[in-house]
Undergrad: 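One structure, pasted below without further comment.
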Amino acid sequence: MGNVFGRKSRPSRVTEQDRAILQLKQQRDKLKHYQKRVTLQLEKERSLAKQLLKDGKKEKALVLLKKKRYQDQLLDKTENQISNLERMVQDIEFVQIEMKVIEGLKVGNDCLKSMHEAMSLEDVERIMDETQDAIEYQRQIDELLSGSLTQEDEDAVLSELEAITQGEDVELPEVPTEPLPEVPEPAETEPGNGTVYPVTLPQSV
């Protein structure tokens with residue numbers, strides 16, 4: 001029980017504008033109900049006036065029609081009041097929407113302001129410059145890796161190669177000066193007798 005009575009009530013989300021709109025709509029509904037009731041009453045009085053005329057009671061029919069005429073004027077006023085109430089409800093609801101839009105714009109402006117304070121214009125320009133330099137550097141690397149060198153680059157490479165190799169003799173392998181070893185002479189067998197004759201090979205020059 002202590003927790004129930006000690007519990008704090010939550011703040012109501014219903015605003016004064018919501019209450020005003022509710023009251024206006026209730027008043028409008030009451031006027032519409034009155035309008036409907038008077039309309040039914042006028043139809044009955046019109047039928048009654050016809051009957052009085054049939055019965056020859058013209059004076060009573062005339063008084064009844066005068067009353068009906070007055071009630072018709074009241075209905076016109078009621079219709080105007082209903083229109084005014086509905087217009088006021090629409091105006092209040094539209095103002096509520098405008099207030100929410102303005103509140104959203106205010107929050108957005110505060111957010112942008114804090115972001116601008118966190119990063120100055122100089123910081124943005126520096127970051128943009130660094131980003132552009134990084135993009136250009138990466139583009140140069142990509143061009144080198146893809147072999148897309150210009151004629152000027154080709155000429156620069158050839159000039160650098162010529163500068164490196166200029167004045168340097170190309171070393172060739174040395175020719176041996178020692179005589180070649182002698183090759184043993186193979187034996188030749190004369191056909192028919194099986195005798196082996198030596199064969200003399202020409203010596204290398």
Undergrad: Kindly write out the residues that satisfy side-chain contact (heavy atoms from CB on, under 4.5 Å) with Leu22, not counting sequence neighbours, or none if the list is empty.
TA: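 Scan of Leu22 (side-chain contact (heavy atoms from CB on, under 4.5 Å), adjacent residues dropped) gives Gln26.
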
Undergrad: Do Asn80 and Ser83 have a side chain donor and acceptor closer than 3.5 Å?
TA: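 There is no such pair (donor and acceptor under 3.5 Å, judged by atom type) between the side chains of Asn80 and Ser83.
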
Undergrad: The criterion is salt bridge (charged side-chain N to carboxylate O under 4.0 Å, His left out); which residues satisfy it with Glu45, sequence neighbours excluded?
TA: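 Counting only residues at least two positions away or on another chain, Glu45 forms a salt bridge (charged side-chain N to carboxylate O under 4.0 Å, His left out) with Lys67.
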
Undergrad: Quick one: list whatever passes salt bridge (charged side-chain N to carboxylate O under 4.0 Å, His left out) with Glu98, sequence neighbours left out.
TA: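 Scan of Glu98 (salt bridge (charged side-chain N to carboxylate O under 4.0 Å, His left out), adjacent residues dropped) gives none.
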
Undergrad: Can Arg87 and Asp91 be counted as an ion pair, charged N to O under 4.0 angstrom?
TA: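 Salt bridge between Arg87 and Asp91, a charged N being under 4.0 Å from a carboxylate O: no.
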
Undergrad: Report the C-alpha separation of Val63 and Glu59 in whole Å, then their side-chain angles, then the decisive distance to 0.1 Å, and conclude whether the side chain to side chain contact (heavy atoms under 4.5 Å, CB included) test is met.
TA: CA-CA 6 Å; Val63 172; Glu59 294 296 330; 5.7 Å; no

Undergrad: Side-chain contact test, heavy atoms from C-beta onward, threshold under 4.5 Å: evaluate it for Lys32 versus Thr78 and give yes or no.
TA: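 Heavy-atom side-chain distance check fails, nothing below 4.5 Å.
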
Undergrad: In plain terms, say whether Lys25 and Glu93 are close enough for a salt bridge, that is, a side-chain N and a carboxylate O under 4.0 Å apart.
TA: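 Yes, Lys25 and Glu93 are salt-bridged.
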
Undergrad: Can you list, by chain and residue number, the hydrophobic cluster partners of Val38 when the side-chain cut-off is 4.5 Å?
TA: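 In the cluster with Val38 are Tyr34, Leu42, Tyr70, Leu74, Leu75.
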
Undergrad: Taking only Lys NZ, Arg NE, NH1 and NH2, and the carboxylate oxygens of Asp or Glu, determine whether Lys106 and Glu103 approach each other closer than 4.0 Å.
TA: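 Looking at Glu103 together with Lys106, the answer is no, because their closest N to O distance does not fall below 4.0 Å.
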
Undergrad: Can you name the residues that form a side-chain contact (heavy atoms from CB on, under 4.5 Å) with Gln132, not counting sequence neighbours?
TA: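 If we apply the side-chain contact (heavy atoms from CB on, under 4.5 Å) test to Gln132, skipping adjacent residues, there are no hits.
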
Undergrad: Yes or no on side chain to side chain contact (heavy atoms under 4.5 Å, CB included) for Gln17 and Val95, after CA distance, side-chain angles and deciding distance?
TA: CA-CA 9 Å; Gln17 292 81 8; Val95 171; over 6 Å; no

Undergrad: Going through the checks in order, is the side chain to side chain donor-acceptor pair (under 3.5 Å) test met by Glu79 and Gln35?
TA: CA-CA 8 Å; Glu79 184 66 28; Gln35 186 182 41; 2.5 Å; yes

Undergrad: Checking one residue: Ile21. Which other hydrophobic residues are in its cluster under the side-chain 4.5 Å linking rule?
TA: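 Noted: Ile21 shares its cluster with Leu24, Leu31, Ile82, Leu85, Met88, Val89, Ile92.
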
Undergrad: Counting only heavy atoms from other residues, nucleotides and ligands, does the tally under 6.0 Å from CD of Gln73 exceed 12?
TA: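 Correct, the count exceeds 12.
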
Undergrad: Identify the two heavy atoms, one from Ala49 and one from Ala61, that lie closest to each other, and give their separation to 0.1 Å.
TA: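 Looks like O-CB, 3.7 Å.
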
Undergrad: Tell me every residue that passes side-chain contact (heavy atoms from CB on, under 4.5 Å) with Glu136, counting only those two or more places apart in sequence or in another chain.
TA: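 Glu136: side-chain contact (heavy atoms from CB on, under 4.5 Å) contacts with Arg139, Gln140.
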
Undergrad: What's the verdict on side chain to side chain contact (heavy atoms under 4.5 Å, CB included) for Lys36 and His33, showing C-alpha distance, side-chain angles and the deciding distance?
TA: CA-CA 5 Å; Lys36 184 177 180 180; His33 181 71; 5.6 Å; no

Undergrad: Taking only residues two or more places apart in sequence or in another chain, which ones pass salt bridge (charged side-chain N to carboxylate O under 4.0 Å, His left out) with Asp29?
TA: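 Residues passing salt bridge (charged side-chain N to carboxylate O under 4.0 Å, His left out) with Asp29: none at all.
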
Undergrad: Supply the members, apart from Phe94, of the Ile/Leu/Val/Met/Phe/Trp/Tyr cluster built from side-chain contacts under 4.5 Å; use none for a lone residue.
TA: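 Hydrophobic cluster check, Phe94: no partners found.
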
Undergrad: Taking only residues two or more places apart in sequence, or in another chain, which ones meet Asp123 in a side-chain contact (heavy atoms from CB on, under 4.5 Å)?
TA: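 Expected list: Met119, Ser120, Arg126.
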
Undergrad: Taking only residues two or more places apart in sequence, or in another chain, which ones meet Lys44 in a salt bridge (charged side-chain N to carboxylate O under 4.0 Å, His left out)?
TA: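 For Lys44, no residue satisfies salt bridge (charged side-chain N to carboxylate O under 4.0 Å, His left out) once neighbours in sequence are set aside.
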
Undergrad: Could you list the cluster mates of Leu64? Members are the ILVMFWY residues connected by side-chain heavy atoms closer than 4.5 Å, either directly or through other members.
TA: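 Leu48, Leu52, which link up through side-chain heavy atoms under 4.5 Å apart, make up the rest of the cluster.
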
Undergrad: When rounded to the nearest 0.5 angstrom, what distance separates CG in Asp133 from CD in Gln138?
TA: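 Going from CG on Asp133 over to CD on Gln138, the span is 13.0 Å.
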
Undergrad: Determine whether Glu16 and Arg19 make a side-chain contact, defined as any pair of heavy atoms from C-beta on separated by less than 4.5 Å.
TA: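 Answer yes - side chains close enough.
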
Undergrad: To the nearest 0.5 Å, what is the distance between CD1 (Ile102) and CG (Asn109)?
TA: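 Between atom CD1 of Ile102 and atom CG of Asn109 there are 11.5 Å.
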
Undergrad: Which value, rounded to the nearest 0.5 Å, describes the distance between Leu65 atom CG and Lys50 atom NZ?
TA: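 The distance works out to 10.5 Å.
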
Undergrad: Look at the side-chain heavy atoms of Ile, Leu, Val, Met, Phe, Trp and Tyr, link any pair under 4.5 Å apart, and say whether Ile97 and Leu105 land in one connected group.
TA: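 Shared cluster, yes.
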
